[in-house]
Amino acid sequence: MTLNQNRTPLFDAVKQHVTRNAIPLQIPGHKHGYGLEEYKEFVGENVLRMDLNETRGIDMLWDPVAVIAEAEKLLADSLGAKHAYFLINGTTSGMQAMIMSTCTPGDQIILPRNAHKSVFNGLILSGANPIYVQPEIDDYLGIVTGITASGVQAAIEKNPGAKAVMAINPSYYGVATELKAIVETAHGSCIPVLVDEAHGTHMCFHPYFPISAMVAGADMSAASLHKTGGSLTQSSALLVGSSKINPNYIKQVLNLTYTSSPSYILLCSLDVARKQLATRGRQMLDGILDMVQRTRAEINKLDGLFAPDKKYFERSGKFSFDETKLLVNVQKLGLTGYEVEEILAKDFNILIELADMYNILAVISLGEREEFLQAFVDALKDISAHGKRKTVKKIETIQFSPEVVMPPRDAFFSKKRSMPLEQCAGEIAGEMVMVYPPGIPLVSIGEIITAEIIDYVRMLKAERCTIQGTIDPIVDNIMVLDK
Ligand SMILES: Cc1ncc(COP(=O)(O)O)c(C=O)c1O
């Protein structure tokens with residue numbers, strides 16, 4: 001870091017604007033909240049006064065030249081990037097922008113099969129064709145770990161013309177892959193690397209965490225500062241680490257989807273969160289790691305519960321783990337993760353981030369309080385004392401090799417019809433069928449639905465697994481392309 005990270009140019013400019021108390025003969029129409037009294041009463045006057053449209057002295061997101069440009073430079077500097085762009089439509093818009101900045105219609109992109117839905121949407125927007133790399137699975141926990149450098153190498157050998165490689169760092173569950181080796185592999189074939197760092201914004205601010213995308217030498221990454229960096233929901237960043245991608249072109253791509261009325265409340269939160277991470281992040285994360293490690297040790301003393309740590313994942317020699325993700329395997333309680341989630345919410349007023357068949361996940365972050373974690377441990381003690389003690393039946397995870405017969409974009413714009421699941425063999429999927437756990441699509445848009453996939457979906461339904469992605473919530477029907 002070389003710039004003065006104590007500065008908050010955008011936040012200062014907005015505060016100055018608010019203090020100026022100018023007569024607002026402009027939008028937004030609520031005019032400092034006079035037109036939305038009930039809302040103002042609850043959230044406070046300053047929030048409404050900060051809710052500005054692009055106006056004098058506060059720059060513009062779509063072509064920043066003043067305080068936003070400065071704030072973006074500070075963000076890039078703090079995260080070790082060459083360029084940073086504020087996003088106010090989440091990392092979703094960053095994922096889409098990364099794909100669209102590197103791929104044109106018909107280009108190939110190498111992706112983990114367990115990519116987030118924003119990536120599949122990015123394929124539709126860009127017209128790129130996916131080349132999937134199957135991620136590895138931790139059989140005991142029943143979760144996806146990630147793709148490896150050898151998987152990427154094999155995909156590149158079969159598809160040497162691919163325009164980008166995408167990796168996830170870390171996954172929703174906190175598992176990080178051998179990112180440096182993936183970057184070296186892709187760069188060995190002159191292919192840029194794009195990283196989904198939605199869950200890893202904090203990782204470059206403390207050496208205990210897995211390596212971050214920019215440090216690993218990735219070309220671009222998208223980071224949800226709102227998830228683990230302290231900023232407000234929807235505020236994220238797109239980072240550029242190399243000179244392979246023209247920053248002006250990235251700006252053009254972002255402008256395809258940027259709103260022309262960005263929220264300064266969200267933008268300012270990015271400016272302040274960046275200052276906090278850059279100036280106090282290391283110290284704050286020291287405290288958080290201490291808290292989460294003590295909590296994990298307490299949980300591991302409880303019957304029927306297992307909370308893996310970094311060492312557990314590093315045994316593989318390929319993966320690592322962000323320990324602020326407090327993953328707890330509950331299968332030996334005789335309860336599913338969904339049941340534990342419900343007990344925590346209803347009996348203990350504790351809301352966790354994620355539950356699947358075998359696990360629950362609590363996210364421990366910058367605003368954590370000792371008392372929150374103590375309440376969590378106390379609740380788990382109680383649940384552990386009353387669990388049924390019969391291991392939840394494990395379902396074998398089968399990864400199907402997708403047969404992509406139509407680019408996702410063409411499939412998306414094709415005519416579709418709903419068809420009973422039993423009759424779908426041989427049809428081309430018009431929607432994604434995704435199962436949790438482990439969070440890998442069984443079939444995605446533009447792929448052939450096979451008899452094996454139908455059998456597997458039937459079995460998953462019988463086991464009451466969560467199936468997502470289909471219009472029909474109970475997956476009796478699937479959307480297929482009209483022939
Ligand atoms: C792995 C992953 N990537 C991308 C995203 C999209 O991030 P955002 O919610 O900031 O748009 C998410 C959101 O949960 C995610 O889990």
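As the structure is a computational prediction, the values presented were derived from the model and not from experiment. One-based numbering, in listed order, for ligands and for the atoms of each.
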> Looking at Gly90, which atoms of ligand 1 are within less than 4.0 Å of one of its heavy atoms?
Replying inline: 10 (O), 11 (O)
> Looking at ligand 1, does any of its N/O atoms fall within less than 3.5 Å of an N/O of Thr91?
Replying inline: yes
>> With a 4.0 Å cut-off on heavy atoms, is Ile168 in contact with ligand 1?
In response: no
> Given Met166, which of Ile99, Ile110, Thr102 fulfils the side chain to side chain contact (heavy atoms under 4.5 Å, CB included) condition?
Replying inline: Ile99
>> Geometry only, no angles: is Asn89 polar-contacting ligand 1 at N/O separations under 3.5 Å?
In response: no
> Ion pair present between Lys416 and Glu431, side-chain N to carboxylate O less than 4.0 angstrom?
Replying inline: no
>> Checking a contact table here: which protein heavy atom is nearest atom 1 (C) of ligand 1, and how many Å away?
In response: Asp196 OD2, 3.3 Å
>> I'd like to know if Lys82 and Glu72 make a salt bridge, using a cut-off of under 4.0 Å between side-chain N and carboxylate O.
In response: no
>> Show me which atoms of ligand 1 lie under 4.0 Å from any heavy atom of Ser236.
In response: 10 (O)
> Could you walk me through whether His199 and Asp322 pass the side chain to side chain donor-acceptor pair (under 3.5 Å) check?
Replying inline: CA-CA 9 Å; His199 296 280; Asp322 164 13; over 6 Å; no
> Are the charged groups of Lys325 and Glu353 less than 4.0 angstrom apart, N to O?
Replying inline: no
>> Testing the 3.5 Å rule here: is there a donor-acceptor pair between the side chains of His116 and Asp196?
In response: no
> What protein heavy atom sits nearest atom 11 (O) of ligand 1, and how far off is it?
Replying inline: Thr92 OG1, 2.6 Å
>> With respect to His199, determine whether any N or O atom, backbone or side chain, lies less than 3.5 Å from an N or O atom of ligand 1.
In response: yes
> Does ligand 1 have an atom that lies less than 4.0 angstrom from a heavy atom of His226?
Replying inline: yes
> Taking the six-membered ring of Phe319 as reference, does the NZ or CZ atom of Lys310 fall below 6.0 Å from its centre and within a 45° cone about the axis?
Replying inline: no
>> Tell me the protein heavy atom at minimum distance from atom 14 (O) of ligand 1, and give that distance in Å.
In response: Lys227 NZ, 3.0 Å
